[in-house]
Amino acid sequence: MIFMKNEDVMNLARKRGFLWSSFEIYSGSAGFFDYGPLGATLKNKVMNKWRDYYVVREGFYEIESPTIMPEEALKASGHVDHFNDAMTQCKDCLDVYRADHVIKEATGKEVEGLENQELTEILSAEHIGCPKCGGHLTHVWSYNLMFQTLIGAKGKKTGYMRPETAQGIFIPFKRLLRFFRGKLPFGVVQLGKAYRNEISPRQGMIRLREFTQAEAEIFVDPQDKSHPHFSRVAEELLTLYPASCQEGEEEPIQVTARAAVDDNIVASELLTYQLCLARRFLMELGLSEEVLRFRQHMSTEMAHYAIDCWDVEVYTDRYGWIEVIGIADRTDFDLKSHSEYSKEDLQVFLEYPEPQSVKKLALKANMGKFGPLFKGDAPKILRALEEIDADTIKQSFEEDGVFQLELEGTVNQITDDLIDFQVVEETVRGEKIYPHVIEPSYGIDRIVYSVLLHSYTQEEDRTYFKLPAEVAPVEVNIFPLVNREELVSVALQILDDLRKEGIIAEKDTSGTIGRRYARSDEIGVPFAVTVDHQSLEDDTVTIRERDSQEQVRIDVDDLPETLQLLLCGKKGFKEFKTGK
RNA sequence: GCGGCUGUAGUCUAGUCUGGUUAGGACUUGGGCCUUCCAAGCCUACGACCCGGGUUCAAAUCCCGGCAGCCGCACCA
């Protein structure tokens, strides 16, 4: 397999200002990393590339929502209940369990929501032991994967740091829908921090307590999960690891995107298109085919609301295959749930191509009897009846002569003399539906880590990050061949000129030229410009390419334009070398 | 969360067992000299005992607690 070594990479990253663990002078805190001067630029460039993919090329829009969210919002999303578990551990076999599950299993009692103290007391009072080995259980503690805080001066309102950015897109859905003028499909993205208070984050950049996500929520018609540009990606070859292969412990398979859809390996064109996009994105960041694969979630690990979910995984020496992107069909779960909790209608009106004429049974209340009978409750009851399918009521009358309407705890007897039916013809222009959501969710920190890991290159006499120019934190280094005033002043002038052109340039005058090339390579600077004695005579300089270590000589005046072409990849270094 | 091991400049490390002078070295980095193309050499400077408490005349060294790292178990909707 391709050479890489977590430890060497992290050492170099720390030494040269890419990444280090945070709060070091206060002895650190696990699960937090600083991006240093080079790391922050690298990360920003990765995020900007992501924006180029999803905002510019896919035409989605970016929004930004708060990282602190009030409790209600996260109740609706299910995070409050799912992230807050009471735990207990067996002192003998060390297995950890959810305390409420253990108690329910042993006694049949439903104890969800009790305090830890109470659960601990139940465990000891009922002499409940470890379900596996019968051993003694520890006191109950809870871990909450969300960071909790209090909102406001009086601190009455509970808030949480968001555990994912996605919810910030679902919550203002009505406003977004209006922005997109009510039409599906549309996509909204958000890049930002998310927080999870991991129990024991000992996996470096892989499991962080504060991390950066880039998520797109693509709202689509549930009946139409095709993609208009699918043909553009249809022939791409994907390494898929479907759930069925994992169960049978078989190897991943290689199929084209088209075959993945046609053979029903991936649930839809939309989802497959996103897989292809993710693959292209990672490959342009320098990750090669053989360290990438798409792993389908097993039915047991898939969130209960998802139809299909694929992890884009990158191979690492230290952690094995790690998820860097999750691509899921979240269906209508989130919007439905927020509708329920907020009482806001988060549906979309889908207009039919042609208005349809529908004959339908409608009920007409005999208000002369209805009103006096139910008095003040009459309007409420009538409204409730109109919500119910008229055929159901009619059928009930035919069978029992009466329909029982339960409303706010009381059962109202609706007798058939109160209601008349009539067939009406209605024109229906469309229907209200909850859109489905396709969600690619990128873990930016893991991607940055993967890029560093796989760009790390060791050759006989040098070690360097072979970063693509697009994400290199320093794009060009300017060197005077030796540290002499007349060469240095030319170098400084070039530095200034390149910076004016928007190129991220740096200079280095100390030590020998070889040492400076080495330092420059180490942090992945793709090109170096050297000012030598000939420069003083004919206004030319050399450009050295990091990867090949070869040089070409060009006029100083052509330098900015040439570097721009090289950096954006419109022209290769070889072409300049041979083109002259 | 549990158990084991570990913690000396940016990095690697000597010293810790057996408490005692100014904590030594190498690399890196800054400044200078030299140097006309890939980490050369010379001079020079900066830089450390994880934090807190205890024992002692005296603690990097012994003891306790905390924090962090590594390994194993567990956890990771």
Side-chain angles (χ1 to χ4, degrees), chain A residues 6-8 10-17 20-32 36 74 77-85 87-98 130 132 135 137-146 163-164 196-204 206-209 297 300-306 309 318-319 322-323 333 459-464 477 479-484 486-487 508-522 528-537 541-546 548-551 553:
Chain A
N6 172 74
E7 204 174 318
D8 292 344
M10 291 310 281
N11 282 342
L12 183 53
R14 192 181 315 119
K15 177 177 154 196
R16 295 308 307 272
W20 53 76
S21 47
S22 305
F23 315 119
E24 281 176 323
I25 67 165
Y26 297 109
S27 69
S29 181
F32 297 99
L74 290 160
S77 68
H79 286 93
V80 170
D81 296 328
H82 282 108
F83 267 55
N84 207 347
D85 294 338
M87 306 300 294
T88 183
Q89 183 177 35
C90 173
K91 285 174 182 169
D92 297 332
C93 70
L94 300 179
D95 268 13
V96 172
Y97 305 97
R98 277 183 60 167
C130 171
K132 199 165 101 188
L137 293 172
T138 63
H139 69 278
V140 175
W141 77 91
S142 63
Y143 68 85
N144 188 340
L145 245 42
M146 290 196 289
E164 60 173 11
R196 294 180 191 182
N197 200 358
E198 300 287 351
I199 301 167
S200 180
R202 283 189 295 180
Q203 296 172 70
I206 301 309
R207 173 143 288 133
L208 295 174
R209 287 184 164 132
H297 275 206
T300 49
E301 71 181 305
M302 193 145 51
H304 53 290
Y305 49 77
C309 185
R318 174 74 195 275
Y319 311 108
I322 56 160
E323 175 196 356
F333 175 84
E459 289 171 2
E460 269 180 32
D461 51 353
R462 61 175 186 155
T463 297
Y464 63 108
N477 247 322
F479 303 135
L481 188 59
V482 291
N483 193 6
R484 282 240 212 86
E486 61 270 30
L487 296 180
D508 190 352
T509 59
S510 87
T512 60
I513 188 71
R515 187 180 201 76
R516 284 176 273 153
Y517 285 144
R519 268 204 290 252
S520 177
D521 289 346
E522 200 173 51
V529 170
T530 306
V531 180
D532 58 12
H533 61 290
Q534 196 181 328
S535 308
L536 300 176
E537 288 162 19
V541 290
T542 62
I543 301 176
R544 169 188 177 274
E545 187 193 37
R546 175 197 63 206
S548 65
Q549 295 179 267
E550 286 177 3
Q551 287 173 296
R553 182 170 290 276

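So that the names make sense, note that chain A is the first sequence line, chain B the second, and so on, each numbered from 1. From a predicted model like this one, the values you see are computed outputs, not experimental measurements. No hydrogens, no waters, no symmetry mates; every other heavy atom, side chains included, goes into these values.
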Expressed in angstrom and rounded to an integer, what is the separation of [X] atom [atom1] from [N] atom [atom2]?
X      : N     : atom1 : atom2 : answer
A/R519 : B/C27 : CZ    : C1'   : 14 Å
A/I543 : B/C37 : CD1   : P     : 20 Å
A/R207 : B/A74 : CZ    : P     : 15 Å
A/E24  : B/C51 : CD    : C1'   : 15 Å
A/D532 : B/C38 : CG    : P     : 13 Å
A/F32  : B/A68 : CZ    : C1'   : 14 Å
A/F479 : B/U35 : CZ    : C1'   : 16 Å
A/N11  : B/C12 : CG    : P     : 7 Å

Considering only the [atom1] atoms, how many Å lie between [N] and [M], rounded to the nearest integer?
N     : M     : atom1 : answer
B/G25 : B/U8  : C1'   : 13 Å
B/G15 : B/C50 : P     : 15 Å
B/C76 : B/G4  : P     : 25 Å
B/U13 : B/G19 : C1'   : 22 Å
B/U56 : B/C51 : P     : 23 Å
B/A59 : B/C75 : C1'   : 40 Å
B/C73 : B/C62 : C1'   : 32 Å
B/A60 : B/A23 : P     : 10 Å

If [N] has a Watson-Crick or G-U wobble mate with both distances under 3.5 Å, name it; if not, just say none.
N     : result
B/C49 : none
B/U55 : none
B/C2  : B/G72
B/A77 : none
B/C34 : none
B/A39 : none
B/C17 : none

Nucleotide of B/C71, B/G69, B/U36 approaching A/R318 most closely (side-chain heavy atoms):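 Between B/C71, B/G69, B/U36, the one nearest the side chain of A/R318 would be B/C71.
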
Selected nucleotide, minimal atom distance to A/H79 side chain, candidates B/A77, B/C71, B/U29: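 That would be B/A77.
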
Residue whose nearest RNA chain B nucleotide is more 5′ - A/Q551 or A/D508: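 Upstream on the strand: A/D508.
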
Residue met sooner reading RNA chain B from 5', once A/Y517 and A/G204 are mapped to nucleotides: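 The 5'-side residue here is A/Y517.
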
Under 3.5 Å donor-acceptor pair, A/R196 side-chain atoms to B/C76 base atoms: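 There is none.
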
Atom CD of A/E7 with >12 non-hydrogen neighbours under 6.0 angstrom: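 Not more than 12 within 6.0 Å, no.
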
Are the side chains of [Y] and [X] in contact, using a 4.5 Å heavy-atom criterion?
X      : Y      : value
A/R519 : A/S510 : yes
A/T542 : A/V529 : no
A/R462 : A/E522 : no
A/E459 : A/Q549 : yes

Side-chain (A/R516) to main-chain (A/G511) donor-acceptor, under 3.5 angstrom: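 Yes, because the side chain of A/R516 sits within donor-acceptor range (under 3.5 Å) of the backbone of A/G511.
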
Closest heavy-atom pair and its distance - A/D521, A/Y464: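 So the minimum-distance heavy-atom pair works out to O-CB, 3.0 Å.
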
Check against salt bridge (charged side-chain N to carboxylate O under 4.0 Å, His left out), A/D532 and A/R553: CA-CA 11 Å; A/D532 58 12; A/R553 182 170 290 276; 2.6 Å; yes

Please work out if [X] contacts a base, only the sugar-phosphate, or nothing of the nucleic acid, heavy-atom cut-off 4.0 Å.
X      : value
A/I513 : sugar-phosphate
A/Q534 : nothing
A/D461 : base
A/N483 : base
A/T542 : base

Do the side-chain N or O atoms of [X] get closer than 4.0 angstrom to the phosphate oxygens (OP1, OP2) of [N]?
X      : N     : answer
A/T512 : B/U35 : no
A/R516 : B/U36 : no
A/R515 : B/U29 : yes

